[in-house]
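Please read the structure below before turning to the comments.
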Amino acid sequence: IRNPKSSVATVCADMVLGQDDFVLGKKLGEGAFGVVYKASLANPEAAKKQGDVVLKKATEYGAVEIWMNERVRRACASSCADFLYGFRETKAKGKGAEEYWIIWRFEGEDTLYDLMQSKEFPYNVETKILGNVQDLPKGIARENKIIQTVMRQLLFALDGLHSTGIVHRDIKPQNVIFSEGSRTFKIIDLGAAADLRVGINYIPKEFLLDPRYAAPEQYIMSTQTPSAPSVPVATTLSPVLWQLNLPDRFDIYSLGLIFLQMAFPSLRTDSSLIQFNRQLKRCDYDLQAWRNLVEPRATAELRRGFDIMDLDNGIGWELLTSMVRYKARQRTSAEGALAHPYFNREGLLGLSVMQ
Ligand code: ADP
Ligand code: MG
C-alpha cells in the first residue's frame, strides 16, 4: 500500500491528521479485525464543518480496507459510505504493533439490520426514503414497492463496486447503512473485499466470510485458477479471470438472501436464517425445491412472504431465484438484475420517484 497520508486529505484540505486530531465517542462495533467508534474532529471549527465521523481502528487488514476505500471514492463513490481519511498509526503502548485508522462520514444511525429488526419494517424504511406519501393502503403491494426500492439501491451500489472490479464478500444487512444525507442505502465495511483487477487481497481469506450470507462456493475464485500475486501489481490480467469465474456472483447470492429476509419476516432472525440455510442445502440449493418443501405447511408469516414474491405473476420470485442459485454462473449479475422486469414493471405504476 502506498502511504495513505500522502494520498488522502479531505477532512482538512491541507492538513495531515493523526490520532490526536480525533475525539472518540460511542463504540459502534467490534470485530476480530478492529473497533469502530463514532467520533468527531478535535478542532472545534473543523468538527463543526465536518460533522460526526466514524472511526475504525483496524489491524493489519486495515491497509487493504483503506486501499479499497480510496478506489471506491475515485470510481464509484455513491456505492459506499463517504470515505474521508486513512492513516497508519503506531500504538503508543503495547508491543509496537501498528494499527490503521480509517475515517468515514457518519452516514446515520441505522443499518439495514437495525431497520429489519423493527416490527415496522418495511414501513420504517418508507418513511426514511419518501416521507409518508404512499397512497396505497398498508399491505403486501405497498411493502413490495418499498422492498423493491431498497433492492434497486443495493443492486445499483453493487453494480458500481463490481464494475470497478471489487467484490465485497461480506454483503449482509449489518454492512448496509442508511445515509440520511442522500436518503439511500450504502454499502460499508470493505474489510473483506477483493480487488481482482489489481490483485489486492486476491487470495481468499475464507475465514473472513460470514457463513450466514456466504454463497456455497465459499472460495471466490476456483482453486484451479493459477495463483495470483497477493500484493498490488501494475498489470491487469484479471478481467479474464473475472469472466471465467464470475466472482461478483458471490455478492449476488448474499444480496439474494437479504431480498429473501426483507420479504419473509419469519426469516429475519439469525437462527431462522441458519435454519433456512440448512433446509436449502438439503434441497441442493434449489430455491424452488425449498418452496415446495415448506409451502404446504407454511405459517401465516411465511405465506405472506410467498404472497409478496408472487405479486405481478411472480416476478419477484423470479428475480429472487435468479440470484440464489448454487452455480455462480447461473446467477444474474447486478447489472442484469437491474434490468429485470421486477423493476421495470413497477416503474410503470408511478413509483419512479422512489429511486
Ligand atoms: P466491523 O463489522 O468490521 O466491526 P463496520 O465497518 O461494519 O466494521 O462498522 C461497524 C458498525 O459501525 C456498522 O455495522 C455500523 O453500525 C457502524 N458504521 C460503520 N460505518 C458507518 C458510517 N459511515 N456511518 C454510520 N455508521 C457506520
Ligand atoms: Mg461490518
Side-chain angles (χ1 to χ4, degrees), residues 8 10-11 22-41 47 50-73 76-86 99-118 121 124-125 128 150 153-154 157-158 160-161 166-194 201 205-214 250-251 254-255 257-258 261 268 270 273:
V8 194
T10 38
V11 177
F22 297 93
V23 181
L24 301 193
K26 189 176 107 186
K27 196 189 277 187
L28 298 174
E30 180 159 18
F33 305 99
V35 190
V36 180
Y37 303 90
K38 191 170 181 176
S40 58
L41 284 156
Q50 177 57 50
D52 288 331
V53 298
V54 168
L55 191 156
K56 184 184 272 191
K57 292 186 186 179
T59 60
E60 62 267 31
Y61 296 109
V64 174
E65 195 168 350
I66 291 173
W67 198 95
M68 295 293 168
N69 274 279
E70 292 196 346
R71 191 149 161 67
V72 164
R73 185 169 57 188
C76 54
S78 65
S79 290
C80 296
D82 287 353
F83 168 62
L84 299 173
Y85 201 76
E99 59 185 17
Y100 290 86
W101 286 35
I102 318 173
I103 293 107
W104 297 268
R105 180 191 313 283
F106 182 81
E107 298 277 1
E109 297 285 345
D110 302 315
T111 64
L112 180 57
Y113 180 83
D114 302 324
L115 292 163
M116 271 171 43
Q117 293 312 299
S118 160
F121 186 87
N124 56 349
V125 168
K128 285 180 164 292
V150 179
Q153 291 182 352
L154 292 178
L158 258 195
L161 284 182
I166 296 173
V167 191
H168 186 281
R169 302 202 294 184
D170 199 14
I171 293 293
K172 56 183 175 182
Q174 293 87 339
N175 284 339
V176 171
I177 190 87
F178 185 77
S179 167
E180 300 286 347
S182 64
R183 290 188 152 209
T184 58
F185 285 96
K186 294 180 172 184
I187 294 167
I188 56 173
D189 200 353
L190 295 163
N201 194 7
K205 288 194 219 70
E206 68 272 34
F207 61 88
L208 282 173
L209 306 179
D210 188 320
R212 292 166 303 179
Y213 292 89
F250 189 87
D251 291 341
S254 308
L255 182 54
L257 293 192
I258 296 180
Q261 287 189 298
R268 284 180 202 152
D270 279 350
L273 181 62

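Both counts, for ligands and for their atoms, begin at 1 and track the order of listing. One is the number of the first residue; the rest follow in order along the sequence.
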Listed pairs under 3.5 Å, donor-acceptor, residues 26-34 side chains, sequence neighbours left out:
residue : atom : partner : partner atom : Å
K27     : NZ   : E30     : OE1          : 2.8

Which ligand 1 atoms does [X] reach within 4.0 Å, using its non-hydrogen atoms?
X    : value
G108 : 25 (C), 26 (N)
F106 : 24 (N), 25 (C)
N175 : 7 (O)
W104 : 23 (N)
R105 : 22 (C), 23 (N), 24 (N)
A81  : 23 (N)

Shortest protein heavy-atom distance from [atom], along with the residue and atom involved:
atom                    : value
atom 16 (O) of ligand 1 : T111 CG2, 3.4 Å
atom 6 (O) of ligand 1  : K56 NZ, 3.1 Å
atom 18 (N) of ligand 1 : I188 CD1, 4.0 Å
atom 10 (C) of ligand 1 : V36 CG2, 3.8 Å
atom 24 (N) of ligand 1 : E107 N, 2.9 Å
atom 11 (C) of ligand 1 : L28 O, 4.1 Å

Kindly assign one of parallel, tilted or perpendicular to the pair Y85 and F22, based on the angle between their ring planes and the thresholds 30° and 60°.
-> tilted

In short, D170 meets N175 closest at the heavy-atom pair O-ND2, 2.9 Å

Select the closest option to atom 20 (N) of ligand 1 among I177, V53, V54, judged by heavy-atom distance.
-> V54

Contacts of the Mg ion (ligand 2) with protein N/O/S atoms, counting only those under 2.8 Å = N175 OD1, D189 OD2

Could you give the distance from NZ (K128) to CG (N124), rounded to the nearest 0.5 Å?
-> 8.0 Å

Rounded distance (nearest 0.5 Å) linking atom CD1 of I166 with atom SG of C76 | 5.5 Å

[Y] side chain reached by [X] side chain, heavy atoms, under 4.5 Å:
X    : Y    : result
T111 : P173 : no
W101 : L55  : yes
K172 : Y113 : no

Between V150, D110, I177, which is the residue that forms a side chain to side chain contact (heavy atoms under 4.5 Å, CB included) with F185?
-> V150

Report the part of [X] in contact with ligand 1, treating N, CA, C, O as backbone and CB onward as side chain, heavy atoms under 4.0 Å; options are side chain, backbone, both, neither.
X    : value
D189 : both
D114 : neither
K38  : neither
Q174 : backbone

Apply side-chain contact (heavy atoms from CB on, under 4.5 Å) to the pair Q174 and D210, showing each step before the final yes or no.
-> CA-CA 11 Å; Q174 293 87 339; D210 188 320; 5.6 Å; no

Could you pull out all residues at least two apart from D189 that satisfy salt bridge (Lys or Arg N to Asp or Glu O under 4.0 Å)?
-> K56

Hits for salt bridge (Lys or Arg N to Asp or Glu O under 4.0 Å) against R268, two or more places apart or cross-chain, chain-then-number order -> none

Taking atom types as modelled, find out whether S254 and D251 have a side-chain donor-acceptor pair closer than 3.5 angstrom.
-> no

Are E180 and R105 within salt-bridge range, i.e. N to O under 4.0 Å?
-> no

